[in-house]
Protein chains: 2
Amino acid sequence: MTQLDDLDRAIIRLLKRNARLTISELSEQLNKPESTIHFRIKKLIEKGVIDRYTILLGEEMIPKKTAIVVIQAETPIIEDFLERYVNHLMRTLSMMPNVLMVAKSGKDTVIAIVGGENEEKLDEFINENIKTLPTLKNVYVYPIDKFGKGKELVNFLTEV
Amino acid sequence: MTQLDDLDRAIIRLLKRNARLTISELSEQLNKPESTIHFRIKKLIEKGVIDRYTILLGEEMIPKKTAIVVIQAETPIIEDFLERYVNHLMRTLSMMPNVLMVAKSGKDTVIAIVGGENEEKLDEFINENIKTLPTLKNVYVYPIDKFGKGKELVNFLTEV
DNA sequence: TATGAAAGACATCATGT
DNA sequence: ACATGATGTCTTTCATA
């Protein structure tokens with residue numbers, strides 16, 4: 001594990017908020033010479049602490065309404081079919097542009113984060129494209145009414 | 001709503017993968033003049049299509065094990081207490097560094113994405129810090145075994 | 001590992017097609 | 001939408017401590 005000092009953490013926090021801050025701006029805000037900031041960032045990237053730089057899309061590009069959907073597959077008579085079916089389910093869901101995240105939990109459960117332009121279109125998508133998938137035991141839908149933390153995951157996960 | 005053309009989308013996709021690409025690199029990869037790329041990016045930022053630039057943390061900084069936790073609050077005798085209690089719950093969870101995301105669904109449900117160094121520490125955290133919260137009706141824990149899409153949300157949400 | 005200075009690369013802007 | 005060139009800013013490298 002890599003040990004970070006205060007300067008490393010300060011750089012990371014500032015870059016998380018705005019990765020377009022120049023080295024000279026960082027140097028000014030943190031009262032360190034440009035070459036030091038440059039050296040630290042280079043090391044952080046080399047060590048893999050900073051993985052990569054990316055962009056977040058703005059409000060007008062992202063779904064206005066999201067929901068977390070918990071999907072449970074019916075246990076088939078032949079055990080081995082379950083794993084294959086759940087994998088197939090994950091691939092199917094992953095391909096849908098409305099589906100922001102897909103994860104597997106346990107043998108028979110798939111959890112997805114789903115987005116839509118508004119509440120109606122989101123419900124429509126879930127009813128027509130998820131609840132209709134074959135061989136499901138349960139589908140629990142948790143519409144998100146308000147984020148308390150991590151709201152921006154939607155901006156991050158949205159594709160164009 | 002803003003209408004994007006193929007060039008806009010191509011720029012966004014490349015910047016999502018690597019926001020440190022220079023205008024000249026983008027210009028080369030997309031076979032368009034630098035001035036055009038520069039102009040497009042400027043417009044995309046002005047229009048709010050690109051919200052901001054950020055960094056993702058690497059594997060060694062992020063929790064190795066995550067879980068989605070669905071928390072239902074007990075309905076109190078006095079209706080009005082429920083909203084206050086759920087809001088309090090959200091604030092409490094949001095302050096925990098292990099908690100990557102918190103969202104409210106309906107009147108009595110809070111959903112969180114929680115991370116830990118490994119399965120044992122994650123379970124410990126959930127058992128000691130979440131299941132022990134007062135006035136809960138149910139806590140469903142869905143440990144994530146595998147991501148099918150959106151895996152990087154963990155890199156995005158992790159703080160230092 | 002930290003720093004200062006210098007060289008080279010880059011973004012930005014204005015102007016014109 | 002694209003081309004070009006002028007300008008100032010930023011990154012990167014290297015020598016030194």
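Numbers restart at 1 for each chain; the letters A, B, ... are given by sequence-line order, proteins then strands.
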Participant: Looking at B:H38, I'd like to know whether one of its side-chain N or O atoms comes within less than 4.0 Å of OP1 or OP2 on C:dA11.
Facilitator: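 No.
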Participant: Could you state the CG-C1' distance from A:N31 to C:dT3, rounded to the nearest angstrom?
Facilitator: 15 Å
Participant: From CG of A:L21 over to P of C:dA11, roughly how many Å is that when rounded to an integer?
Facilitator: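 Going from A:L21 (CG) to C:dA11 (P), I get 16 Å.
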Participant: Reckon B:T36 has a side-chain N or O less than 4.0 Å from the OP1 or OP2 of D:dA1?
Facilitator: no
Participant: Rounded to whole Å, please give me the gap between NZ in B:K43 and P in C:dT12.
Facilitator: 14 Å
Participant: Output yes when B:K65 and B:D145 qualify as a salt bridge under the 4.0 Å nitrogen-oxygen rule, no when they do not.
Facilitator: yes
Participant: When we call it a touch if two heavy atoms are under 4.0 Å apart, what does B:T22 touch: a base, just sugar-phosphate, or nothing?
Facilitator: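 Touches sugar-phosphate only.
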Participant: Output the rounded distance in Å from CZ (B:F39) to P (C:dT15).
Facilitator: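 Atom-to-atom, B:F39 to C:dT15, this comes out as 17 Å.
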Participant: Give a yes or no on whether a salt bridge exists between A:K43 and A:E46, defined as a side-chain N under 4.0 angstrom from a carboxylate O.
Facilitator: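 Looking at A:K43 and A:E46, the cut-off is met.
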Participant: Looking only at side-chain N and O atoms, does B:R20 come under 4.0 Å of OP1 or OP2 in D:dT11?
Facilitator: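 B:R20 to D:dT11 OP1/OP2: no side-chain N or O under 4.0 Å.
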Participant: Please state how far atom CD1 in B:I41 lies from atom C1' in C:dC10, giving the value in whole angstrom units.
Facilitator: 13 Å
Participant: Assuming nearest nucleotide by heavy-atom distance, tell me which of B:R40 and A:S24 is located more 5' along DNA chain D.
Facilitator: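 First, find each residue's nearest nucleotide; the 5'-ward one identifies B:R40.
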Participant: Would a distance-only check, ignoring hydrogens and angles, find a side-chain to backbone donor-acceptor pair under 3.5 Å from B:K64 to B:E59?
Facilitator: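 Yes: the side chain of B:K64 pairs with the backbone of B:E59.
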Participant: Roughly how far, to the nearest 0.5 Å, is CG of B:N155 from CZ of A:F156?
Facilitator: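 Result: 7.0 Å between the selected atoms.
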Participant: Expressed in angstrom and rounded to an integer, what is the separation of A:I45 atom CD1 from D:dT11 atom P?
Facilitator: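 Nearest whole value for this atom pair: 12 Å.
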Participant: Please state how far atom CD1 in A:I37 lies from atom P in D:dC10, giving the value in whole angstrom units.
Facilitator: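 That distance rounds to 14 Å.
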Participant: Report which part of the nucleic acid A:E34 touches: base, sugar-phosphate, or nothing (heavy-atom distance under 4.0 Å, all strands).
Facilitator: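 A:E34: base contact, heavy atoms under 4.0 Å.
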Participant: Kindly say whether A:P143 contributes a backbone atom to a donor-acceptor pair with the side chain of B:S105 at under 3.5 angstrom?
Facilitator: yes
Participant: Taking the nucleotide of DNA chain D with the nearest heavy atom to each, does A:K42 or A:E25 sit closer to the 5' end?
Facilitator: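 Nearest nucleotide further toward 5': that of A:E25.
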Participant: Does OP1 or OP2 of D:dC2 have a side-chain N or O of B:K32 closer than 4.0 Å?
Facilitator: yes
Participant: Grab the CD-P distance between B:E28 and C:dC10 for me, whole Å please.
Facilitator: 10 Å
